[in-house]
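The structure appears right after this line, and notes come after that.
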Amino acid sequence: MLRKSNFKKSRNQLEGFSPNLHTDKPYVPQELCTSCPSCKAMLFQSDLEENNAVCPKCGHHFRLSARQRIGLICDENTYEAWDENLTPKDPLSFPGYGAKLKASRFRSREVEGVLTGKAAIGGVPCAVFAMDAGFMMGSMGSVVGEKITRLFERAAAENLPVVGFTVSGGARMQEGILSLMQMAKTSGAVKLHSDKGLLYITVLTDPTTGGVTASFAMEGDIILSEPGALIAFAGPRVIEQTMRQKLPKGFQTAEFLLEKGFVDAVVPRKELKETIGRLLRLHCGEV
Amino acid sequence: MAAEYTAYGPNGRPNQTAPFNAYQILQKARKNGRFTGLDFIRNLTTEFMELHGDRRFADDPAIVGGVARLLGMPVTVIAHEKGGDLNDKARRNFGSAHPEGYRKALRLMKQAEKFHRPVLCIVDTAGAFCGIGAEARGEGSAIAENLMEMMTLKTPILSLFIGEGGSGGALGLAVADTVWMLENSVYSVISPEGCASILWKDASKVKEACECLHMTPSDLLKLGVIERIIPEPEDRGELYSLLREAISEEFYKLNALPLEDLCRNRYQRFRKLGVYGE
Ligand SMILES: [Zn+2]
């Protein structure tokens, strides 16, 4: 069950938030105002929240936490979490990983970088996942890979469509090759689900990059994106450094991918729930 | 050099026990003049006929593919090709493929499935190409499609790593029934240079990064990511003949499986990878 407090608790993950990780006190947002990174307008947090974290002046879409996303998209009181008990390990004893996990858990108040479960959207039951940029930039390690895989397997077994929200910096370096293997593992599960004739809708949100772009993010039957989202395999900074080349304006935005034919539609946040609901009803035999 | 070398073993403590450390293996894997994908195709197979293009956009010379015989058996062979001389290397982007390269590979795999030929993939890439054209034509989408389609391809796939196995660019040819690595090859989620610059803001700490990433064949065998390490005898002819026999034997074995089992085993091979608490 999604309580109001669940929805509210992660508001501090909006862009521009940088917590002091060395304090032992839980972070309490103090600012009543946020400046929009796009149009620089000063916005009241309350107004921003009212508007689903979209700048009322210019339409800039601020990032949402996974829980906020689920609160926004799923029908009220329908979300039921799956596989909440999976926790990350440090299989390679990678320098600094243990501390990073701890800090991420503290900061995001989540156990890992993705929430999975079952819900209804627009009245249609479906399996949902939402990644969380607040947890190590939504990077995919073993837990994210395993939860996504289990979600698709269970959705296939229960004949449910899947709706997924991606936000990710890519594969999680700290788990080495095992992270890379999650790309193949999740892709296999998507295929298994797809071969049963079931629908998979992905919504690419800012930013979706690297190994997630090169696996389940791009494997949807229908691929939607939020306006302005950065969507890339190699991120813009990597390309600029490698190629020593300035990138054209608007490169790798949702709109750019729409033009190039890699997303089906760019959908503003306020229309997302309705759009997804309509697509689900079109595919799932409901009128 | 050797004196100042420290690597991190388990628990992040310095470690210097392996006969060849990860950094030395990386150097061998990247060494100029090392054999390339085409060398393997030419020496392992006969009657090789290169088949070009993805039928959508272009032919990417960073990946070569075609039909051939392996000890008489018709096979499809697909390889990263880093190139010979400097011009050739530049033309092939040093084996870093664009989306059209991965799409060509998938086209040839589908062709192999249709004609019931096993697929031999030879992996040698620093990573998928990183640039404006590659992004505009959907590098992520192309690799994603390969991962998905290879998982259920109804014919055997064997991937052989002969040098560098860089991230998604390598995986795009490595969703296989069995993955083998030459003893002097590496396979990693990120380049050690990239890892070092993220970890220590210092791209020169490559040696340390190599150890952290567990990218050597023996590390990967322990992690269950590969099935077999192929020794590299001094004499290359010996290596090729050893491989010819071994690959052909493996293809006979895989061909004997019902297709359903083959695909289920391939799914399970990847399904079990990952370490987490529950
Ligand atoms: Zn604004």
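In what follows, every chain begins at residue 1, and chains take the letters A, B, ... in the order their sequences are listed.
The candidate from Ile190(B), Asn146(B), Thr152(B) with the greatest count of non-hydrogen atom pairs under 4.5 Å with chain A is Thr152(B). Considering only heavy-atom pairs separated by less than 4.5 Å from chain B, the leading option among Glu219(A), Arg172(A), Gln182(A), Gln252(A) is Glu219(A). Of the listed residues (Gly168(B), Ala136(B), Gly127(B)), the greatest number of heavy-atom pairs within a distance under 4.5 Å of chain A belongs to Ala136(B). Highest contact tally toward chain A, considering only Gly140(B), Ala134(B), Gly138(B), is held by Gly140(B) [criterion: heavy-atom pairs under 4.5 Å].
Nearest heavy-atom pair, Ala184(A) versus Phe270(B), reported as atom, atom and distance to 0.1 Å: CB-CD2, 3.5 Å. Ser179(A) approaches Val189(B) most closely through the heavy-atom pair CB-CG2, 4.4 Å. When every heavy atom of Ser215(A) is checked against every heavy atom of Ala144(B), the shortest pair comes out as O-CB, 3.4 Å. The minimum heavy-atom distance linking Met148(B) with Ser194(A) is given by the pair CE-CB, 4.3 Å. Cys195(B) approaches Phe94(A) most closely through the heavy-atom pair SG-CZ, 3.9 Å.
Neither the backbone nor the side chain of Gln174(A) comes within contact range of chain B; no heavy atoms are under 4.5 Å apart. Looking at Ala217(A), there are no atoms closer than 4.5 Å to chain B (heavy atoms on both sides), in backbone or side chain. With a threshold of 4.5 angstrom between heavy atoms, Leu192(A) approaches chain B through side-chain atoms but not through N, CA, C or O. Residue Arg137(B) touches chain A through its backbone alone, counting heavy-atom pairs closer than 4.5 Å. Both the backbone and the side chain of Ile132(B) come within less than 4.5 Å of a heavy atom of chain A. Of the two parts of Phe256(A), only the side chain, counted from C-beta on, holds a non-hydrogen atom closer than 4.5 Å to a non-hydrogen atom of chain B. In this structure, chain A has heavy atoms under 4.5 Å from both the backbone and the side chain of Ser141(B). Proximity to chain B involves both the backbone and the side chain of Met173(A), based on heavy atoms less than 4.5 angstrom apart. Contact of Ile239(A) with chain B is made through backbone and side chain together, with heavy-atom distances under 4.5 Å. Tyr187(B) touches chain A through backbone and side chain together, each having a heavy atom under 4.5 Å away. For chain B, the nearby part of Asp195(A) is the side chain; its heavy atoms alone come within less than 4.5 Å. In this structure, chain B has no heavy atom under 4.5 Å from any part of Pro236(A).
Arg150(A) and Glu278(B) are joined by a salt bridge, as a carboxylate oxygen and a charged side-chain nitrogen come within less than 4.0 angstrom of each other. A salt bridge links Glu146(A) with Arg271(B): the closest approach of a Lys/Arg side-chain nitrogen to an acidic carboxylate oxygen falls below 4.0 angstrom.
Within a 6.0 Å sphere centred on NZ of Lys100(A), other residues, nucleotides and ligands contribute 12 heavy atoms or fewer. By the 6.0 Å contact criterion, NZ on Lys196(A) is enclosed, its count of non-hydrogen atoms from other residues, nucleotides or ligands being greater than 12. The number of heavy atoms from other shown groups lying within 6.0 Å of CZ (Arg264(B)) is above 12. A 6.0 Å sphere centred on NZ of Lys249(A) holds no more than 12 heavy atoms belonging to other residues, nucleotides or ligands.
Proximity of Leu92(A) to Leu223(B): side-chain heavy atoms (C-beta onward) are separated by under 4.5 Å at one or more points. The closest side-chain heavy-atom distance from Val238(A) to Cys130(B) is below 4.5 Å. You'll find the side chain of Tyr276(B) stays beyond 4.5 Å of the side chain of Thr87(A), heavy atoms only. Counting only heavy atoms from C-beta outward, the side chains of Met215(B) and Ile177(A) never approach each other to under 4.5 Å. You'll find the side chain of Glu149(B) reaches within 4.5 Å of the side chain of Lys191(A), heavy atoms only. No side-chain heavy atom of Val175(B) sits less than 4.5 Å from a side-chain heavy atom of Ser187(A).
In this structure, the side chain of Glu135(B) engages the main chain of Phe233(A) through a donor-acceptor pair within 3.5 Å. Although no hydrogens or angles enter the test, the distance criterion places a donor-acceptor pair under 3.5 Å between the side chain of Lys185(A) and the main chain of Leu273(B). The backbone N or O of Gly274(B) lies less than 3.5 Å from no partner atom in the side chain of Ser142(A), so there is not a single donor-acceptor pair.
The distance from the CD atom of Glu175(A) to the CG atom of Leu213(B) is 12.5 Å, given to the nearest 0.5 Å.
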Apply salt bridge (Lys or Arg N to Asp or Glu O under 4.0 Å) to Lys260(A) and Glu139(B), showing your working.
CA-CA 12 Å; Lys260(A) 295 295 174 193; Glu139(B) 190 78 278; over 6 Å; no

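Of the listed residues (Val143(A), Asp90(A), Leu178(A)), just one forms a side chain to side chain contact (heavy atoms under 4.5 Å, CB included) with Val275(B), and that residue is Leu178(A).
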